[in-house]
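Nothing here was measured: the structure is a model prediction, and the numbers come from that model.
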Amino acid sequence: MAEAAYGSLPFQEQLAYFRRKLVLPTASWTDVLGQEHDWAFVVAGANRDAILEDFRQAIDKAIELGTTLEEFRRDFDRIVAEHGWDYHGSRNWRSRVIYETNLSSSYAAGRHEQLQEAPYWQYQHADWVAAPRPEHLAWDGLILERDDPWWNTHYPPNGWGCQCSVRGLWPRDLRNMGKDGPDDAPAVRMIERAIGQNSPNGPRTVQVPEGIDPGWAYAPGAARLRSAIPPERPDPPVPGSAGGQGLPNLQPAQPLPNPRPMPASMLLPTGLAAKTYVAAFLETFGTTLEQPAIAQDPIGERLVIGKELFQDAKGNWKALKRGREQYLPLLAQALSDPDEIWARIEWMYSTQKAVVRRRYIARFEVAGQEEPMLIVFERGDDGWAGVTAFQGVAQSADDWRVGVLVYRRP
């Protein structure tokens, strides 16, 4: 049934997830576990790049064209013969594991990205499974909030051959079911499992939630989702095009909309912990420190928002600009509801590549302040940067209107 569930209905998010993977040689399936599969394409025991690349192309074809297991087995036989690969297990078993594992996990990862729009998720057990796992049957129909930590370890598939899935629900769906809210997450009981008894690196013991196979206690695509959060650029954006080359600065046809009034209560007091300011920023997008979210700007561009915007590679909080941290909620407002959005291409001499930048501009009249507050949020492939400044004579908002105007607030 995996062919019908995963091989015949490919979609863009599934393809994009798989194609971002890099081939990684391994000696055993225990070499790469859990969310590491969001980054690496592996075939247990395949330790040569050429073999892996051929298997990768075969799986890519299976996803994109919906080829069947029998068709993939013909590719499997060809690859094995060409490379003289001495694999473990029977031909039918090994080819099925490679095929079903990659198609089911990429499908789940693509769905994980799509499901970010829905506030509630429902666990669904596949009725056609001949030997269902008791725990998976018990979770059938369970409805939890999208951000519930339970999904971090129980988002399906939850084991070899698992056909469980998740569907998104909205408040009206719960009302139609006669429910006032989501269910309570089941208690998670961790158990120890020994793995890698035949691995060249020797056996080891891992802890997994009861009912989930070792290596499957993760949400496919979640690590990729967090990786889509752009890092903060070390240099702030500057008026005009810093690269000097790219799209022309088309002169604005009309002035910016008038600054919007903003109550002083939107500003946070100084001296709070960094995560408090970050939590206030994330609240604008309906998410928390624990869970990233996919937000949409006014023209439908999807943005991944999370605490990683304000953390370094080690997860430490970055030092917020002193005296400016209290304006972080306004920076979030500029991103979610800007006055204008401008796009430009900027040539980066150091990397010899072009970068597309989107610049979100907003102005607010903060109660008690004489000058309007100018907010600029800029994002590109190389990260993001923000500016919060009171607009004086030397700081004209027009200086920031660079490139092509792609949105203007009505």
Side-chain angles (χ1 to χ4, degrees), residues 1-2 4-6 17 28-38 42 44 89 93 96-116 118 120-169 174 177 179 181-199 203-225 290-291:
M1 296 303 296
Y6 303 117
Y17 167 81
S28 167
W29 72 270
T30 60
D31 292 346
V32 175
L33 290 177
Q35 66 179 12
E36 296 169 357
H37 285 283
D38 278 358
V42 300
W93 172 81
R96 178 181 287 276
V97 167
I98 297 172
Y99 176 87
E100 291 188 352
T101 300
N102 280 283
L103 266 67
S104 63
S105 60
S106 62
Y107 180 92
R111 288 289 294 139
H112 185 275
E113 181 174 344
Q114 291 180 335
L115 286 165
Q116 296 300 315
Y120 303 108
W121 291 357
Q122 183 180 39
Y123 193 100
Q124 293 187 301
H125 184 269
D127 295 335
W128 59 78
V129 175
R133 296 167 171 89
E135 295 85 1
H136 297 196
L137 274 175
W139 300 331
D140 185 37
L142 177 70
I143 300 173
L144 300 176
E145 290 183 343
R146 177 199 65 205
D147 298 337
D148 195 295
W150 191 83
W151 295 114
N152 295 338
T153 51
H154 291 71
Y155 182 91
N158 287 319
W160 306 102
C162 174
Q163 301 289 308
C164 297
S165 61
V166 170
R167 71 164 178 158
L169 298 175
L174 270 63
M177 296 176 180
K179 298 176 68 70
D183 302 318
D184 293 328
V188 178
R189 177 173 175 263
M190 303 298 291
I191 60 175
E192 290 189 347
R193 296 282 298 275
I195 62 173
Q197 286 84 348
N198 299 318
S199 169
R204 58 184 168 128
T205 301
V206 296
Q207 283 197 336
V208 294
E210 189 172 25
I212 296 182
D213 292 351
W216 294 86
Y218 78 107
R224 275 289 183 185
L225 181 65
E290 286 70 36
Q291 183 72 26

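- Screening residues 206-215 for side-chain hydrogen bond (donor to acceptor under 3.5 Å, both in side chains) gives R133-D213, R189-E210 as the qualifying pairs, with residues at least two apart or on separate chains.
- To the nearest 0.5 Å, atoms NE2 (H37) and OH (Y17) are separated by 8.5 Å.
- Counting heavy atoms of neighbouring residues, nucleotides and ligands inside a 6.0 Å radius, atom CG of N198 does not exceed 12 of them.
- In this structure a side-chain-to-backbone donor-acceptor pair under 3.5 Å is present from R204 to T30.
- Looking only at atom types and distance, the side chain of D183 has no donor-acceptor partner in the side chain of Y123 under 3.5 Å away.
- Residues passing the ring pair (Phe, Tyr, Trp, His ring centres under 6.0 Å) test with W121, sequence neighbours excluded: H112, W151, Y155.
- Legend: residues meeting side-chain hydrogen bond (donor to acceptor under 3.5 Å, both in side chains) with D147, ordered by chain and number and at least two apart, are absent.
- Residue A108 comes nearest to P156 through the heavy atom pair CB-O, 3.5 Å, listed as atom of the first residue, atom of the second, then distance.
- Judged by distance alone, the side chain of S106 and the main-chain N or O of L103 form a donor-acceptor pair under 3.5 Å.
- The distance from the CH2 atom of W160 to the OG atom of S104 is 9.5 Å, given to the nearest 0.5 Å.
- With sequence neighbours left out, W150 forms a ring pair (Phe, Tyr, Trp, His ring centres under 6.0 Å) with W139, H154.
- Of all non-hydrogen atoms in A222 and D38, the two that sit nearest each other are N-OD2, 3.5 Å.
- The main-chain N or O of L33 is found under 3.5 Å from a side-chain atom of E36 such that the two form a donor-acceptor pair.
- In this structure E145 satisfies the side-chain hydrogen bond (donor to acceptor under 3.5 Å, both in side chains) test with no other residue, sequence neighbours excluded.
- Environment of CD in Q124: crowded, with over 12 heavy atoms of neighbouring residues, nucleotides or ligands closer than 6.0 Å.
- Judged purely by atom type and a 3.5 angstrom limit, Q122 uses its side chain to pair as donor or acceptor with the backbone of G141.
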I212 vs E135, side-chain contact (heavy atoms from CB on, under 4.5 Å): CA-CA, chis, key distance, verdict: CA-CA 8 Å; I212 296 182; E135 295 85 1; over 6 Å; no
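- Rounded to the nearest 0.5 angstrom, C162 SG and H136 NE2 are separated by 5.0 Å.
- Considering CG of D184 and CD1 of I143, their distance stands at 12.5 Å, rounded to 0.5 Å.
- When side chains are defined from C-beta on, V208 does not count as touching W216, because their heavy atoms never get closer than 4.5 Å.
- Residues satisfying the ring pair (Phe, Tyr, Trp, His ring centres under 6.0 Å) criterion with H125, sequence neighbours excluded, are absent altogether.
- What you find for L115 and G168 is that their closest heavy atoms are CD2-N, 3.2 Å.
- Between the NZ atom in K179 and the OH atom in Y120 there is a gap of 10.5 Å [rounded to 0.5 Å].
- Taking both residues in full, the closest heavy atoms of P214 and V206 are given as CB-CG2, 4.1 Å, listed atom of the first, atom of the second, then distance.
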Working for side-chain contact (heavy atoms from CB on, under 4.5 Å), residues D31 and V42: CA-CA 9 Å; D31 292 346; V42 300; over 6 Å; no
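- Among all heavy-atom pairs drawn from Q163 and W128, the shortest one is CG-NE1, 3.8 Å.
- A pairwise comparison of heavy atoms in T101 and V97 identifies OG1-O, 2.7 Å as the closest pair.
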